[in-house]
Amino acid sequence: MLLGYFAAIFSAIMWGSNNVPVRKAKGYDSFYFNFLMGVGIIIIGLIISIINQSFIFSWWGILTGTLWSFGNVLTIYAIKYIGIARSMTLLQGVIIPVSFFSGIAFFNELVQFWGLAIVSLILFGIGGYLLTKSEDQQNSQKIGQGLIFSLLAGLIFGFYGVPFRISEIAPQDFVFSVSLGIFLTSTAFYLIKYSKPSKKFIFPAVLAGSMWNLGNFSSFFAISILGLTLGYPLTQLAMFVNVMWGTLYFKEAKDTRAIVRIVIGSIILFSAAILLSLSK
């Protein structure tokens, strides 16, 4: 049980930081950047598979990788439009309840305290509202697009753990197929929407993909030990790491009111995540 919590925390740290290289890069094509992230992911996937001497192929893993690729393209666009703090916190605020209820719907995972679950959903709504509220009318269209991309990505990522649970494959055996699925899908996306390659994006994109897959590998342990209703939502505490990067490092919030709104919204979402985990 303790290993599951450690795995979730490590995953949250990796997932909370892997988009920093995405945010720092400027002028990239989203599909090209997504492809390079896929390269980093397959490299880490191969290293993990070589260490574990496991190259098990699973169509469930390919499906998981395909889901991630769709969600990641949306995430890259969201970060472009509204920054890392707001986009990632909102995205993760959607992932948590979706993954929670997918565990109930698909795997009959039990909830002992429905009162806590209902309160947590109300808090998710309040926190999400604070994060989506904007006083920047000048860029309202771009902000609106960024919010939509974040919500759609969160919905896709919310079902990310479902194929893994269905497969009943051990985490160290599942990572190869997921990595392969991501690499193949991101390559296909890039070939369909081709843009001129640029060397300056190779390092940040590959680094972002590598960090993500380390967190991904750890998240499978969290899900296998703690279950989908608890393990995967806990990994989404990456929202706090994202907020710290966005507000303190990138200075995405320009005024005190915006900073306070982002911080309060994040705290509310964090509280909702804790209540949701306690309801199991």
Side-chain angles (χ1 to χ4, degrees), residues 1-12 14-16 58-68 70-72 75 88-125 127-128 150-175 177-178 181-182 212 215-240 268-280:
M1 195 77 168
L2 187 61
L3 177 61
Y5 285 103
F6 277 122
I9 292 171
F10 178 78
S11 180
M14 289 292 101
W15 283 351
S58 166
W59 284 111
W60 290 116
I62 298 296
L63 174 61
T64 301
T66 302
L67 283 174
W68 183 88
F70 277 97
N72 192 55
T75 301
M88 295 306 297
T89 307
L90 181 60
L91 182 153
Q92 286 149 352
V94 174
I95 288 175
I96 295 171
V98 171
S99 62
F100 179 85
F101 284 106
S102 65
I104 297 171
F106 293 110
F107 307 106
N108 297 317
E109 295 183 0
L110 299 177
V111 177
Q112 293 183 341
F113 305 104
W114 274 105
L116 289 178
I118 292 171
V119 171
S120 73
L121 290 178
I122 294 173
L123 290 177
F124 275 119
S150 296
L151 292 171
L152 290 175
L155 184 62
I156 291 173
F157 286 141
F159 291 102
Y160 177 80
V162 172
F164 169 62
R165 284 295 309 275
I166 294 175
S167 72
E168 298 183 344
I169 297 175
Q172 62 271 22
D173 297 328
F174 196 69
V175 70
S177 292
V178 175
I182 290 172
W212 179 85
N216 178 57
F217 180 55
S218 185
S219 75
F220 289 144
F221 280 99
I223 293 171
S224 64
I225 296 171
L226 302 176
L228 193 61
T229 56
L230 178 58
Y232 196 54
L234 285 179
T235 66
Q236 300 311 308
L237 296 180
M239 69 176 69
F240 270 117
I268 291 175
L269 287 179
F270 175 76
S271 302
I274 295 299
L275 288 177
L276 201 59
S277 66
L278 292 175
S279 68
K280 184 180 178 183

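Note: hydrogens, waters and symmetry copies are ignored here, and every other heavy atom, side chains too, is used.
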Which heavy atom of [X] sits nearest to which heavy atom of [Y], and what is that distance?
X: Gly161; Y: Ile223; value: CA-CD1, 4.3 Å
X: Gly154; Y: Val94; value: C-CG1, 3.6 Å
X: Gly127; Y: Ile268; value: N-CG2, 3.7 Å
X: Ser11; Y: Gly215; value: OG-O, 2.9 Å
X: Gly16; Y: Ala238; value: N-CB, 3.5 Å

Okay, side chain of [X], backbone of [Y]: is any donor-acceptor separation there less than 3.5 Å?
X: Ser177; Y: Gly61; answer: no
X: Ser99; Y: Gly158; answer: no
X: Thr75; Y: Gly71; answer: yes

Are side-chain heavy atoms of [X] and [Y] found at a separation under 4.5 Å?
X: Tyr5; Y: Leu226; answer: yes
X: Ile166; Y: Phe107; answer: yes
X: Phe174; Y: Phe217; answer: no

Identified side-chain contact (heavy atoms from CB on, under 4.5 Å) counterpart of Phe157 within the set Leu67, Val98, Leu91: Leu91

Could you tell me which residues satisfy side chain to side chain contact (heavy atoms under 4.5 Å, CB included) with [X], sequence neighbours excluded, listed by chain and number?
X: Ile225; value: Leu3
X: Phe10; value: Met14, Leu214, Ser218
X: Pro171; value: Phe164, Phe220, Phe221, Ser224

Measuring from [X]:[atom1] to [Y]:[atom2], what's the distance to the nearest 0.5 Å?
X: Ile122; Y: Ile118; atom1: CD1; atom2: CD1; answer: 7.5 Å
X: Ile9; Y: Thr235; atom1: CD1; atom2: OG1; answer: 11.5 Å
X: Trp212; Y: Trp68; atom1: CH2; atom2: CH2; answer: 5.5 Å
X: Arg165; Y: Trp60; atom1: CZ; atom2: CH2; answer: 13.0 Å

Please collect all side-chain hydrogen bond (donor to acceptor under 3.5 Å, both in side chains) contacts where either partner lies in residues 153-164, sequence neighbours excluded, each pair once. Tyr160-Asn216

By side chain to side chain donor-acceptor pair (under 3.5 Å), which residues pair with Ser167, not counting sequence neighbours? none

Checking side-chain contact (heavy atoms from CB on, under 4.5 Å) for the pair Ser120/Phe100: CA distance, chi angles, key distance, verdict? CA-CA 11 Å; Ser120 73; Phe100 179 85; over 6 Å; no

With sequence neighbours left out, what residues match Phe70 under ring pair (Phe, Tyr, Trp, His ring centres under 6.0 Å)? Phe189

